[in-house]
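One structure is given below, encoded as structure tokens.
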Amino acid sequence: MPIDRDNRPLVRLIAVGRDFDVSRPWLNRVLEGAPRQLLRAVDGVSLEVQRGETLALVGESGCGKSTVARLIVGLYPASQGRIEFDGVDLASPGAFALRRRMQMIFQDPYASLNPRWRVRDIVAEPIRVLKLMASEREVAARVAELLQQVGLVADDGEKYPHEFSGGQRQRISIARALSGNPEFLVCDEPTSALDVSVQAQILNLMTDLQQRLGLTYLFISHNLAVVSHIADRVGVMYLGRLVETAAADDLFARPRHPYTRMLLDAIPDLEMTGKPRTPVAGEVPNPLDPPAGCAFHPRCPHANERCRSERPQAIASGSALVACHAVTEGRLQD
Amino acid sequence: MAVAPGWWRRAWDHDLAWSFRRSPVTIVATLLTLACFGGAAFAPWLAPHNPFDLATLNLGDAFAPPAWIEGGQPRFVLGTDDQGRDVLSTIMHGARISLGVGLAAVAFSALLGVSLGLLCGYVGGRLDAFVMRVADIQLSFPAILIALLVDGVARVALPRETHDSIAIPVLIFSIGISGWVQYARTVRGSTLVEKNREYVQAARVIGRGPVAIMVHHVLPNVMGPVLVIGTIHIGTAIITEATLSFLGVGLPPTQPSLGTLIRVGNDFLFSGEWWITVFPGLALIVLVLSVNLLGDWLRDALNPKLR
């Protein structure tokens, strides 16, 4: 085992992109002369997730954060770039075994559990598929243990998903994800379908499990309050691109990218500090026809000629990585 | 697994049971269906005579009218046919064949349709386009025409002496092949919806293969409508079989189904022996009507929009 193992990121995305074919059907294209249309949902995203940390990806609806999650767990193949897990390219032939070390928790607790399966079978599925245990008795004991671990009781295994509330179902989802003994959990908005009080319970459960089991999380969310609660580092996405990556404290205290500032300014605060805010202006451009240069320039109060023509690269600014010409040129003050 | 206490209570309180109890038509239809199925299934034991046992037939009994008409005999409640066979017994044996062929054809249709629908919906692409275009083409022919075609081809292709012995399998195949489209379309539609649900994605992340996902995850969630189509299809399949037999391309008179009985009896209709054809016809109507009523009820009871 190499010595630098612990310094190596667990997951690494190198200039990953994903295109979706949103063309009209073949016959329409031929008859109407419409061209093929590709939608670039994720565009050149590079990021690293360190062992044991929680990296949150935030952004508006449709910015490609869920697509990043699905690319990592292999639900979609990447169109460009590569994804490494523990230093091995996930697209390589031997990477199938690596996929067992990651699991995913989904957004909608009402759709992510098969309504015709008993909870014990849902939770046991990864154990059975990965053949982690030899006998059914061991499987049953492990399922009971997992259910207790996520705050349910062992008898709940006999029930069907519709007998549970949203929060309980999300606990079942977590139990299922944990049953394959993963190191890395991709959580796609796991709390956005839940009540605020239940959200807190689920988040606490997740942090608790992370500490006990040494898990690494990629946490997708559009809720900045949730992110500030759970994340160690935060990546901000806009129109398929990663615009800023920084430590969570740093990002919330001192946002650099104009888009991050706009997002944070949109959070209402109870203290009425009266600080000047940049109001959220404009709308997200059509992703089929993204603006040239920096994707954010039509909405950015600091955009100039360079922003309209040249695409900014992610450049270190303090401890953060920011893709913004205004920040690199020092045009933007804190 | 031990049956949970109070399962009877739970079944009684179930939505379906509730809707069943509130519908007198359905209760009558169920009783009639059970009577038909029971009478057909246990015909060799229940029927008063064995119409196929030549030793017990007596041509002297031929053309006896039903028992309540003058000249009728109490031994032959519904009268006898030209061979002296008891009409009630031939109906019971005929219904046995009709039902058997109908059920087998529905099972074959459903198996073929559900498998193709599941595969097309889940895999998509060229396979889906191809199979669904075949389905469209087949839908532009009446089912009876397809059944006739398959039956005719089988008659030409297979040696003459085997015709009688393989008549039933050929009939099942020809009726079954004409009915798969409905199952395939329904299942494909539901599969398209289900395959994008998150539980399917979760199974993919776990590492399940496409076949396992189709069979274990998607199939249980698309079977509801199949049950309804299947029930209604039983009636149609029995009718198709009867039509084919009536036209003379179905079952031979040596193993008569209801359709064959109606055709044979038709020859005597104008000479006054109406009971030979009318009673098998009535039996067919009652059987198909009660199965269809049951299917209609099931469709409504399982449709959440009508609750």
Please report the shortest heavy-atom distance between [X] and [Y], naming the atom on each side.
X: A:P115; Y: B:Y199; result: CD-CE2, 4.1 Å
X: A:R116; Y: B:N221; result: CG-OD1, 3.2 Å
X: B:Q201; Y: A:R70; result: OE1-NH2, 2.9 Å
X: B:A202; Y: A:S112; result: CB-O, 4.4 Å

Exercise for the section: Evaluate the side-chain proximity of B:R208 to A:R128: yes if any heavy-atom separation is below 4.5 Å, no if none is. Expected result: no

Exercise for the section: Go through A:V73, A:I105, A:D108, A:I122 and name the one with the most non-hydrogen pairs under 4.5 angstrom from chain B. Expected result: A:D108

Exercise for the section: May I ask you to name which of A:E125, A:Q107, A:M102 has the most heavy-atom pairs under 4.5 Å with chain B? Expected result: A:E125

Is [X] in contact with chain B via its backbone, its side chain, both, or neither, using a 4.5 Å heavy-atom distance?
X: A:R176; value: side chain
X: A:L130; value: side chain
X: A:L113; value: backbone

Handout entry: Exceeds 12 heavy-atom contacts within 6.0 angstrom, atom CD of A:Q199
Key = yes

Exercise for the section: Determine yes or no for a side-chain-to-main-chain donor-acceptor pair under 3.5 angstrom, with A:W117 supplying the side chain and B:H217 the backbone. Expected result: no

Handout entry: Check: B:R204 side chain, A:L75 main-chain N or O, donor-acceptor pair, under 3.5 Å
Key = yes

Exercise for the section: I would like to know whether B:I206 and A:Q103 meet side chain to side chain contact (heavy atoms under 4.5 Å, CB included); could you show each step before the answer? Expected result: CA-CA 7 Å; B:I206 287 166; A:Q103 276 300 327; 3.9 Å; yes

Practice task
Show the numbers, then the answer: is there a side chain to side chain contact (heavy atoms under 4.5 Å, CB included) between A:N114 and B:R197?
Solution key: CA-CA 9 Å; A:N114 191 335; B:R197 312 250 319 205; over 6 Å; no

Practice task
Step by step, work out the side chain to side chain contact (heavy atoms under 4.5 Å, CB included) result for A:Y110 and B:E198.
Solution key: CA-CA 9 Å; A:Y110 293 89; B:E198 287 181 341; over 6 Å; no

